[in-house]
Amino acid sequence: MDPIEFIQKSASSIKNTMLKLKLKYNPFSEKPIRGNTKFFVGRVSELKEIGEILGSAMHGSVANAAIVGTKGIGKSSMLNIIYYATKKQGHWVVELTASQVTPRQFLIQLLYNILTENIISVCGTIKTEYLEYSSKILEMYKMLNNYGDKVPIHYPRERIERDLQFLIDEVKGDDKLCIILIDEADQFAKKSCLSLLQFFHSFLYEEGILTFLAGSPTLMDNLTKISPPIKDRIPKIINMPPLSKDESYDLIRRRLEDAHIEGAEEFEPFTMDAIDKIVEECDGIPRKIIMTCSESISIAIRKGLTKIDEDIVKEAIHSLGISVGHQILNHLTPAQSEIVKAMAKLGGSATVTQLAEYLKKSPGTIGTHLSDIYEMGYIYKEREGNNVYYKLSKELMDVLLKGD
C-alpha cells in the first residue's frame, strides 16, 4: 500500500471513530491551555490569597510567595492564571525557568524576558508607551542578541544590574509591578545555586518586584537547607490541595462539553461508572484525571468503541501505571533504582534499617538516597510508632510488583 494513502486512511479512521464517541476531538490535553480559564476549576481560597498578595504589593507591601504541591496538582496552571490575570492589569510579567544557577545567568534571562515579553512587540518594534526610552532599550536588546545561543560574555553583571534597575525605576510605570514567575523552583535547591540564593536575599526585597516560585511540598525546606535566610524573603506559602470530588467531576465535565458534538449527553462517551472510577482512582490530582481520561479515549479509538465503561478505565489506569513506572525507573540513578527494587522485594514498604540490612550498605548511604527519591515525589513515608516507613508510589508499585 502507498504509505501516503495509508497515513491518510488511518487519520480518517480515527476521525470517524471520534465521531462515534460523540467527540469533535480529544479534549484532555496534558499541557496547560494558556489563557483559557474555562477549564480551570476550584482553587477559590488560593486565588483569593494570590489576589490579596497582588493587592498588597501594588501598595508597597511586597510578600513573595511559594506555590507548593505534589506533581500534577496544578501549580503550572496556577502560574498560568497569574500570568494572564496580571498581564491584563498592565503589569510586567516574566516567566523564568529554574535552570539558571548563577546570579548573572538569572539576571540575563530576566532582563531578556522583560524586554521581549513586555516592552518589545512580537514584530520586533518597541511598544508605543516606551518609545521615549527607545535608544537605551535597543542598546540593551543588542547586548542580549545572542541570548538564545549562549549567555553574552560581553555583558558584565554590574552593567546588567544597572540596566535592570533602569527598566524597573524609569521605564515601568510606578503603579505597575514586575512579576516574576518561576516554575520547578526545586532546581534551585542545589549547592551549585548557593550564590544565586544569596543574591535573592537582597533582590527579593527590591521595590516593585513580586516573585512567585512553584515547586514540591518541601520546596521551602529544601531551599532553606541550602540558604537559611531565603525563608524570610518568601514569607507566603500557598498550598495546592487535591481537587474535591465535585471539582474532579466538574473538570471532566467542562472538557467533555467543550468537545461534544451536538446531542451528546453530559459525560459521553464515558459511562457514569467509568467517571466514578476515574474520580476515585485519581485522588483529586488534575494531571492524573486528564491523563486517565485521555488514555481511555485512546483505547476506545483503537478498539472502535462507542462507549467507555469501567473496564476501559481500568485498562487505561494499568497502562499509565506501567508507562509512568518505567519512566521513573529510567530517571533514577543505578543506586536509587537498586533501592526501589529492594523496597519492592520487601513488599513495597521498608525502613532505612531494613533496606541497609537487605542491601548490605550503611544506613547513612541508604538514607541519603531515600531522601533524594522522596523529594522527587517517587516514594512516600509514614511514621508507625517509632519507625519511619518509606513506601513506593503507585506507579512504581505497578511496574515493580505487578509487572507488565
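We count residues from 1, following the sequence as given. Every value quoted in this text rests on a predicted model; they were computed, and no experiment measured them.
Heavy-atom neighbours of Glu266 CD from other residues, nucleotides or ligands within 6.0 Å: above the threshold of 12. No more than 12 heavy atoms of other residues, nucleotides or ligands lie within 6.0 Å of NZ in Lys345, so this atom counts as exposed by the packing criterion. More than 12 non-hydrogen atoms from other residues, nucleotides or ligands lie less than 6.0 angstrom from OH of Tyr130. Within a 6.0 Å radius of NZ in Lys245, other residues, nucleotides and ligands contribute 12 heavy atoms or fewer.
Here the closest heavy-atom approach between residue Phe212 and residue Leu210 is recorded as CE1-CD2, 3.7 Å. Taking both residues in full, the closest heavy atoms of Ala63 and Ile53 are given as O-CG2, 3.5 Å, listed atom of the first, atom of the second, then distance. Nearest heavy atom pair, residue Val94 against residue Leu110, reads CG1-CD1, 4.1 Å. Across all their heavy atoms, Met18 and Ile297 have their closest contact at SD-CG2, 4.4 Å. The shortest heavy-atom contact between Val352 and Leu370 is CG2-CD1, 3.7 Å. In terms of heavy atoms, Lys75 sits closest to Gly69 at NZ-O, 3.1 Å.
For Lys48, the side-chain contact (heavy atoms from CB on, under 4.5 Å) test picks out Glu52, with sequence neighbours left out. Ile160 meets the side-chain contact (heavy atoms from CB on, under 4.5 Å) test with Arg104, Leu107, Ile108, Leu111, Tyr155; sequence neighbours excluded. For Glu281, the salt bridge (Lys or Arg N to Asp or Glu O under 4.0 Å) criterion is met by Lys277, not counting sequence neighbours.
In this model, a donor atom of one side chain and an acceptor atom of the other lie less than 3.5 Å apart for Ser227 and His201. Residues Gln198 and Ser195 bring no donor and acceptor atom of their side chains to less than 3.5 Å of each other. For the residue pair Asp186 and Ser216, a side-chain donor N or O sits within less than 3.5 Å of a side-chain acceptor on the partner. With hydrogens and angles left out, the side-chain atoms of Thr368 and Thr365 include no donor and acceptor closer than 3.5 Å. Counting only N and O atoms by type, the side chains of Asp232 and Tyr205 include no donor and acceptor under 3.5 Å apart. For the residue pair Asp183 and Thr97, no side-chain donor N or O sits within less than 3.5 Å of a side-chain acceptor on the partner.
Taking 4.5 Å as the limit, every side-chain heavy atom of Lys22 sits out of range of all side-chain heavy atoms of Pro269. The shortest distance between side-chain heavy atoms of Ile339 and Tyr390 does not fall below 4.5 Å. Residues Tyr112 and Met143 fail the side-chain proximity criterion, which asks for heavy atoms closer than 4.5 Å. Counting heavy atoms from C-beta outward, Cys293 and Arg255 have side chains that stay 4.5 Å or more apart. Side-chain contact check for Phe267 versus Glu257: every heavy-atom pair is 4.5 Å or farther apart. The shortest side-chain heavy-atom distance between Lys176 and Trp92 does not fall under the 4.5 Å cut-off. Within the 4.5 Å cutoff, side-chain heavy atoms of Leu223 are placed close to those of Leu197. Using a 4.5 Å heavy-atom threshold, the side chains of Lys307 and Glu268 count as touching.
The side-chain contact (heavy atoms from CB on, under 4.5 Å) test with Tyr378 singles out one residue from Ile328, Asp372, Leu329, Val340, and that residue is Ile328. With Leu213 as reference, Ile234 is the one residue of Ile237, Leu79, Ile234 to meet the side-chain contact (heavy atoms from CB on, under 4.5 Å) rule.
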Is there a side chain to side chain donor-acceptor pair (under 3.5 Å) between Lys172 and Asn118 once you walk through the steps? CA-CA 10 Å; Lys172 180 181 65 63; Asn118 301 281; over 6 Å; no

Check the pair Ile252 / Val279 against side chain to side chain contact (heavy atoms under 4.5 Å, CB included), numbers first and verdict last. CA-CA 9 Å; Ile252 299 170; Val279 171; 4.2 Å; yes

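A distance-only check finds a donor-acceptor pair linking the side chain of Asn330 to the backbone of His326 [under 3.5 Å]. The backbone N or O of Glu247 lies less than 3.5 Å from a partner atom in the side chain of Ser244, making a donor-acceptor pair. Distance alone, capped at 3.5 Å, is enough to place a donor-acceptor pair between the Asp309 side chain and the Ile312 backbone. Between the Ser121 side chain and the Thr125 main chain, a donor and an acceptor come within less than 3.5 Å of each other.
In this structure, SG on Cys178 lies 10.5 Å from CD on Glu206, to the nearest 0.5 angstrom. With rounding to the nearest 0.5 Å, the separation of CD1 in Ile278 from CD in Glu310 is 10.0 Å.
At least one test fails for Lys381 against the ring of Tyr389: distance under 6.0 Å to the centre or angle within 45° of the axis. The cationic group of Lys136 lies under 6.0 Å from the six-membered ring centre of Phe166 and within 45° of the ring axis, placing it in a cation-pi geometry. Figure legend: Arg233 and Phe200 shown without cation-pi pairing, the cationic atom not lying both under 6.0 angstrom from the six-membered ring centre and within 45 degrees of its axis.
Taking the six-membered ring where the residue is Trp, Phe28 and Phe270 present perpendicular rings, their angle passing 60° and hence far from 30°.
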